[in-house]
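Structure first, then comments.
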Amino acid sequence: MLDIRQIAQDPERFRAALARRGPAVEALDAVIALDVERRQLIVRADTLRHEKSEAEKAMRTADKSSEAFAGFRDRMRQIGEEIRGVADRQRDVDAAMNDGLMRIPNIPDDAVPDGRSSDDNVVLRTWGEKPVFDFEPKEHWAIGEALGLLDFERAAKITGARFTVYKGLLARLERALASFMLDLHTQQHGYTEVLPPFLVNHDSMRGTGQFPKFEEDAFHVDDGLVLVPTAEVPVTNLHRDEILEEVPVRYTAFTPCFRREAGGYGRDTRGLIRQHQFQKVELVQFVAPEDSDAAHEALTGHAEAVLQALGLHYRVVDLCVGDLGANAARTFDLEVWLPGQNTYREISSCSNFRDFQARRARIRHRPADTRKPQLVHTLNGSGLAVGRTVVAVLENGQQADGTVLIPPALRPYLGGLERIA
RNA sequence: GGAGAGGUGGCCGAGUGGUCGAAGGCGCCUGACUCGAAAUCAGGUGUGGGGCAACUCACCGUGGGUUCGAAUCCCACCCUCUCCGCCA
């Protein structure tokens, strides 16, 4: 959520920044108009309430059987009616303005490149090299099914499309990768491990910006709860409505993620790339505003460290405005090389939200100098998407004989196992 | 699921119809004392909104209601704790 006062103060700045995203600008004018009306109503209600409280002071000491007291009482009834009327309108206007604000996306950082789609993203750097094969590399589902360790058909039977059953060493590989990543982030990068609930309420979904715009993308269960689409939601909301004593705060969490993938019907129908349920190790940071750009670079580096340790070739791209998520001010994607698909695929998305989520979720800290609470900046990134890491390990480690070589760094987590056969 | 207790400022905790944005304590800030620190003493210290400002308004779990007036009374809901039942 953007700050209505900043918008009112300098609407042109916001208009220009949002125009880069396209049609989002129009919602801005409606919100500005509602804000003007809102302020007028506040002044009116405050004036009435002031008159009321002055009268109340007089009534405290007045003789309750006097004529003056009776006169006050009648006047007070009248004021009470007026206040109720103004307050009702105020509540409606406030709700409308707030709803509008909640639907306006974040303003992109000036550094975000122009562009309409992922084709316009800018490659910042590349690590490692494409592995060379003396045979035609297969795609991960072919490798997994040939080994008898991936079962899409039975998953479709017991649940439906876009679900998978992992078996044997592949199930263990997923578990090993998660442990490996969590150990790296907690021991080397200063994150505290968190195991949050996998169901959250609507307030949490609003706090991180998934709602109200993307309600149809989530799986809803009864009682108004929602299956988490990412650990970002429960972990960032850990500190909703709080004033943090110290920043930065860094959390990492391994959770399942559930997404309807509404609108993605034709895409990635085979394999593990686009599932309704997948697992992810997430990195979340709460930092002082002046530190968020540096924290963004650092967090991206923490995600990169996983790929480097696994020896997986990847590149880092700076998302253009057209590809940038609604809540983010800036996002760096990590794209791992998948030889079976002969392409780079997103395996991590590292975003700086600045105060956009913090304002929605009311997450603040006390700066040492002022002691006045101030909104923090929030950041998060996958470190990494575990299912897609399994894909990368399979496709990059595949051998001519159908076996898969395990990256050395991961072997301690698999009892020393060197290859999946 | 049943019975009971409770939700008040950064934290603990008092407050049962008006003089309560709220006693007291802890914590924190400033000053005194000290070479310095601790201890002690004095003062200060909630959050958010509106207004150029003086100033003003709201907020005691959430939402309604009663009343001239509600932290305080009534209703609904949410959450926490204790005991019982059930259960991985």
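In what follows, chains carry the letters A, B, and so on, assigned in the order in which the sequence lines appear, proteins first and then strands, with residues in each chain numbered from 1. Quick caveat: nothing in here was measured; it's all calculated off a predicted structure.
Nearer the 5' end of RNA chain B, as judged by each residue's closest nucleotide, is the contact made by R5(A), out of R5(A) and G80(A). Residue-to-nucleotide proximity on RNA chain B shows that, of E56(A) and I243(A), the 5′-proximal contact is made by I243(A).
When the P atom of rG50(B) is taken as reference, atom CG of L34(A) falls 15 Å away, rounded to whole Å. Here the C1' atom of nucleotide rG48(B) and the CE atom of M1(A) are 13 Å apart, to the nearest Å. What separates CG of D94(A) from P of rG50(B) is a distance of 10 Å, to the nearest Å. What separates CZ of R240(A) from C1' of rU62(B) is a distance of 13 Å, to the nearest Å. Atom pair D203(A):CG and rG63(B):C1' shows a separation of 14 Å (rounding to whole Å applied). The distance between atom CD1 of I83(A) and atom C1' of rC68(B), rounded to the nearest whole Å, is 12 Å. Rounded to an integer number of Å, the gap from CD of E82(A) to C1' of rC68(B) is 15 Å. Between the CG atom of D35(A) and the C1' atom of rG49(B) there is a distance of 11 Å, given to the nearest Å.
Between the side chains of H377(A) and S292(A), at least one donor-acceptor pair of N or O atoms lies under 3.5 Å. Side-chain N/O atoms of Q357(A) and T378(A) include a donor and acceptor closer than 3.5 Å. Side-chain atoms of T164(A) and Q275(A) form a donor-acceptor pair, as typed in the model, at a separation below 3.5 Å. Of the N and O atoms on the side chains of N201(A) and S204(A), at least one donor lies less than 3.5 Å from an acceptor on the other residue.
For rG10(B), the OP1/OP2 oxygens have no side-chain nitrogen or oxygen of R364(A) closer than 4.0 Å. A sub-4.0 Å separation between OP1 or OP2 of rG46(B) and a side-chain N or O of R366(A) is absent.
Using a 30° and 60° split on the angle between ring planes, H296(A) and F332(A) fall in the parallel class, below 30°. Between F211(A) and H202(A), the angle of the ring planes goes over 60°, which puts this pair in the perpendicular group of the 30/60° scheme.
Nearest nucleotide to the S53(A) side chain, out of rG50(B), rC57(B), rG69(B): rC57(B). Minimum atom distance to the side chain of P373(A) is reached by rU47(B), of the listed rG50(B), rU47(B), rG64(B). You'll find that the side chain of M76(A) is closest to rC68(B), out of rU47(B), rG64(B), rC68(B).
Spacing between rU66(B) and rC74(B) at atom P, rounded to whole Å, works out to 15 Å. Nucleotides rU80(B) and rG61(B) place their C1' atoms 10 Å apart, quoted to the nearest Å. Remark: the separation of the C1' atoms in rA70(B) and rA58(B) is 15 Å, to the nearest Å. Between the C1' atoms of rU19(B) and rA71(B), the separation comes to 16 Å (whole Å). Atom name P, nucleotides rA14(B) and rG25(B): the rounded distance is 15 Å, in whole Å. Taking atom C1' in both rU62(B) and rC55(B), one finds a spacing of 31 Å when rounded to whole Å. Comparing the P positions of rC81(B) and rA32(B) gives an interatomic distance of 48 Å, to the nearest angstrom. When the P atom is used for both rG43(B) and rA5(B), the distance is 42 Å, rounded to whole Å.
Counting heavy atoms from C-beta on, the side chains of F356(A) and L2(A) come closer than 4.5 Å.
The stretch residues 37-51 of chain A touches RNA chain B through R38(A), R39(A), I42(A), V43(A), D46(A), R49(A), H50(A), each having a heavy atom within less than 4.0 Å of the strand.
Every stem involving RNA chain B, taken as at least 3 paired positions in a row under the Watson-Crick or G-U wobble test at 3.5 Å, is listed here: B:1-7 with B:78-84, B:10-12 with B:24-26, B:27-32 with B:40-45, B:46-50 with B:55-59, B:61-65 with B:73-77.
Closest approach of P11(A) and I32(A) over heavy atoms only: CB-CD1, 3.8 Å. Residues V226(A) and A218(A) come closest through the heavy atom pair CG1-CB, 3.5 Å.
Residue R91(A) is classed as a sugar-phosphate contact, given heavy-atom separations below 4.0 Å to backbone atoms only.
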**OP:** Output, in order, the C-alpha distance, side-chain angles, deciding distance and verdict of ring-ring contact (aromatic ring centres under 6.0 Å, His included) for F286(A) and H365(A).
**Re:** CA-CA 9 Å; F286(A) 305 82; H365(A) 80 294; over 10 Å; no

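Taking the centre of each ring, Y191(A) and H302(A) come in below the 6.0 Å mark.
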